[in-house]
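Shown next, in structure tokens, is the structure this report addresses.
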There are 2 protein chains.
Amino acid sequence: MESRYQNIVDKMRDRHFRITPQRLAVLKILLTSKAHPSAEHIYDEVKEHFPTMSLATVYKTANLLKEMGEISELALKDGSSRFDGNPHPHPHVVCARCKAISDFDDIPLGSLTDEIARKTGFMITTHRLDFFGLCPRCQQDQPS
Amino acid sequence: MESRYQNIVDKMRDRHFRITPQRLAVLKILLTSKAHPSAEHIYDEVKEHFPTMSLATVYKTANLLKEMGEISELALKDGSSRFDGNPHPHPHVVCARCKAISDFDDIPLGSLTDEIARKTGFMITTHRLDFFGLCPRCQQDQPS
DNA sequence: CCCTTATGGATATTGATTGTCCACAACTAT
DNA sequence: ATAGTTGTGGACAATCAATATCCATAAGGG
């Protein structure tokens, strides 16, 4: 946990990216949260400590970390995105009503990937598996 | 094939949706194409027969058919969408370079869906499984 | 064939995300 | 430490696919 944080900071330094308080704040949230926060959500959290924080800075930092391969981005159907401190592909369960996103234990798709590569000729680099439905809370609430 | 087309037209009539040449043209393309066309692509095709065709009409028709459960929409990371005449969830293989999308034989995720529903408490209604990589053609072309 | 009403088409709008710009802060080397 | 360089934060404008809006008109029932 703390080691992962320190490891990423070191990589940033190695790449001659500047270690700024804003970036550290965004990084810490991404590594801590299990809620797959939106840029807006991260923005709100960081703003409490840095009132001048800009939404653009959140996006820039998140994209930087994504480019470094340290986080992943989950683009939703509506065009918005959620960020995930875990950069490795793994299944998600998405509530169609409240947009809550839960992780699920990694499911090995390696053999399936090989099969698809063989049958299609594609060079497969990654995948994405999402399940959609209603979370327990939204199943109880009155429909929409 | 022809029966599916006729079946959908009948359903439209039953629902008191009007059967217009524009809608039929969009529907025919969606049922015929295996290329998972974009709205823009459908627009270009229909425009050859109906020069006054509007992109908005393509979207309206596609959304209508999606609402009827007769087609599906594949939202891509960049915010654009592709449409699929097959409304049932099935894996896709997406080329990260040329954006070509190929179908793959249906892969049963039923037992996995059940397991996820049991462990998360979600009521799972659908899923999406995409593989990303490079198609055979783009593997040969010079990088970017 | 007429009447009612949904639809097509042109256009404006949306909303998440990104680009632009410059003052300023973060690293470097002395 | 300190000054010099250069990448970065923040405000704002711009982007782009997709959707909403509007009204004349065409589709289908009577």
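Residue numbers begin at 1 in each chain, while the letters A, B, ... track the order of the sequences.
A heavy atom lying under 4.0 Å from DNA chain D marks the following residues of residues 64-84 of chain B, by number: B/Gly79, B/Ser80, B/Ser81. Residues from residues 50-62 of chain B with heavy atoms under 4.0 angstrom of DNA chain D, sorted by number: B/Ala56, B/Tyr59, B/Lys60.
Remark: the backbone N or O of B/Gly121 is paired with a side-chain donor or acceptor of A/Gln139 at under 3.5 angstrom. Listed for the A/Arg23 side chain is a donor-acceptor partner under 3.5 Å among the backbone atoms of A/Arg18.
For A/Met12 and D/dG7, the CE to P distance is 15 Å, given to the nearest whole Å. Taking atom OH of residue A/Tyr43 and atom P of nucleotide C/dT17, one finds them 14 Å apart after rounding to whole Å. Distance NE2 (A/His49) to P (D/dG9): 17 Å, rounded to an integer number of Å. Taking atom CG of B/Leu24 as the reference point, atom C1' of D/dG28 lies 14 Å away to the nearest angstrom. For A/Arg23 and D/dG10, the CZ to P distance is 11 Å, given to the nearest whole Å. The interatomic distance linking B/Asn63 (CG) with D/dA17 (C1') rounds to 12 Å, in whole Å. Rounded to a whole Å, the CZ atom of B/Arg15 is 15 Å from the C1' atom of C/dA6.
Residue B/Phe17 has its side chain nearest to C/dT7 when only C/dG8, C/dT7, D/dG28 are considered.
Regarding contacts with the backbone of C/dA25, every side-chain N or O of A/Thr20 stays at 4.0 angstrom or more from both OP1 and OP2.
Side-chain atoms of B/His127 and A/Asp130 form no donor-acceptor pair, as typed in the model, at a separation below 3.5 Å. Judged purely by distance below 3.5 Å, without hydrogens or angles, the side chains of A/Glu73 and A/Ser81 pair a donor atom with an acceptor atom.
Contact annotation: the side chain of A/Gln6 approaches that of A/Val9 to within less than 4.5 Å [non-hydrogen atoms, C-beta and beyond].
Place B/Glu40 and A/Gln22 on DNA chain D by their nearest nucleotides, and A/Gln22 ends up nearer the 5' end.
Taking the ring axis of A/Tyr5 as reference, the NZ or CZ atom of A/Lys28 stays within 45° of it and closer than 6.0 Å to the ring centre.
Counting distance only, with no hydrogens placed and no angle test, the side-chain atoms of A/Arg18 and the base atoms of D/dG7 include a donor-acceptor pair under 3.5 Å.
Shown here for B/Pro136 and A/Thr120, the closest heavy-atom pair between the two residues is CG-O, 3.7 Å.
Nucleic acid contact for B/Arg13: none, since no nucleic acid atom lies under 4.0 Å from a heavy atom of the residue.
Rounded to the nearest 0.5 Å, atoms OG (A/Ser72) and CG (A/Asp84) are 4.0 Å apart.
B/His36 is linked by a ring pair (Phe, Tyr, Trp, His ring centres under 6.0 Å) to B/His92, counting only residues two or more places apart in sequence or in another chain.
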